[in-house]
Amino acid sequence: MIRVLLVDDQALLRSGFRALLDIEDDIEVVAEAADGLQGVALARRHLPDIALIDIQMPVLDGIEATRLIAADPALACVHVVILTNYGLDEHVFHALRAGAAGFLVKDIEPEDFLHAVRVAARGDALLAPSITRRLIDRYVAEPQHLRVPTGLRELTSREREAVVLVAQGLSNDEVAARMVISPLTAKTHINRAMAKLHARDRAQLVVVAYESGLVAPRQH
């Protein structure tokens, strides 16, 4: 059973999402919150698999709520998915940097929404390669102070190669093909790199790769 927490200040939207989720046999909405602070408290109480969190909310916004959840070791099992009205924008990038596993636009089709919840529950990032490339081009490429995690030096050459390919927007199968290894081995390299770099998921791995200077943004 996939346990979901809904965090949005609009009751009508929460009701709509809940109606979609509750009819599924493998999904259960365990709690609802109308602001980020309440959402973090309910995440700690219920330990959901997925926390669907709106960006713009009173009391505590979605970015700060995401940061608090991602920073709490007791909530390592909680995958935050950001809900946004605007698609890929600067707020989404900041949420991903704060620890979100991905994002969904609120006008998503119902079947796509349900699929996304299941994908996030498996621990996969909701960042298609095309979205990853746009993220890199628009925000990660902006000048930043380099943040070099200590685990960067611990990466093997193959793990480093895998991270570079992930950061370029390649899927696991594409990483495997490029490295001439099996998809399972590619996934192993990526998972080990995530552990060493303390990246919660694939989305965090992309951000770390660019902010550490491991991968340089393309020049336009």
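- Taking the side chain as every heavy atom from C-beta outward, V166 and V206 approach each other to under 4.5 Å.
- With values rounded to the nearest 0.5 angstrom, I53 atom CD1 is found 13.5 Å from T84 atom OG1.
- Counting heavy atoms from C-beta on, the side chains of R45 and L42 come closer than 4.5 Å.
- Of the possible polar contacts, none joining the E64 side chain to the L60 backbone as a donor-acceptor pair under 3.5 Å is found.
- D25 and M1 make their closest contact through O-CE, 3.3 Å (heavy atoms, listed as atom of the first residue, atom of the second, distance).
- For E32, the salt bridge (charged side-chain N to carboxylate O under 4.0 Å, His left out) criterion is met by R14, R18, not counting sequence neighbours.
- For the pair V40 and I69, the minimum side-chain heavy-atom distance is below 4.5 Å.
- Of the possible polar contacts, one joining the D49 side chain to the R3 backbone as a donor-acceptor pair under 3.5 Å is found.
- Closest approach of P48 and V78 over heavy atoms only: O-CG2, 3.3 Å.
- Of all heavy-atom pairs between P73 and A71, the closest is CD-O, 3.3 Å.
- K106 places a side-chain heavy atom less than 4.5 Å from the side chain of D54.
- Inter-residue side-chain proximity for H189 and I181 is flagged as met; some heavy-atom pair is nearer than 4.5 Å.
- Within 6.0 Å of atom CZ in R178, 12 or fewer heavy atoms from other residues, nucleotides or ligands are found, so the atom counts as exposed in its surroundings.
- Between V7 and G39, the closest heavy-atom pair is CG2-CA, 3.9 Å.
- Distance CD1/I55 to CD1/I82: 5.0 Å, rounded to 0.5 Å.
- In this structure, CZ on F113 lies 5.0 Å from CG on L52, to the nearest 0.5 angstrom.
- L165 and L152 fall within a single hydrophobic cluster, where Ile, Leu, Val, Met, Phe, Trp and Tyr are joined by side-chain heavy atoms under 4.5 Å apart, directly or via other members.
- The two residues I50 and A121 have their closest heavy-atom pair at CD1-N, 3.4 Å.
- L13 is not connected to I108 by any chain of hydrophobic side-chain contacts under 4.5 Å among Ile, Leu, Val, Met, Phe, Trp and Tyr, and they are in different clusters.
- Considering CD1 of I2 and CZ of R118, their distance stands at 6.0 Å, rounded to 0.5 Å.
- Rounded to the nearest 0.5 angstrom, L5 CG and Q38 CD are separated by 9.0 Å.
- In the hydrophobic cluster analysis, where Ile, Leu, Val, Met, Phe, Trp and Tyr join through side-chain heavy atoms closer than 4.5 angstrom, I63 is grouped apart from L6.
- A continuous path of ILVMFWY side-chain contacts below 4.5 Å connects V80 to V105, so both sit in one hydrophobic cluster.
- Within a 6.0 Å radius of CZ in R192, no more than 12 heavy atoms belonging to other residues, nucleotides or ligands are found.
- For the atom pair L12 CG and F17 CZ, the distance stands at 10.5 Å (nearest 0.5 Å).
- Residues L75 and L47 have side chains in contact (heavy-atom distance under 4.5 Å, counting atoms from C-beta outward).
- The shortest side-chain heavy-atom distance between L21 and L114 falls under the 4.5 Å cut-off.
- Under the 4.5 Å side-chain criterion, counting only non-hydrogen atoms from C-beta, I27 is not in contact with L20.
- Nearest heavy-atom pair across G99 and A70 is CA-CB, 3.9 Å.
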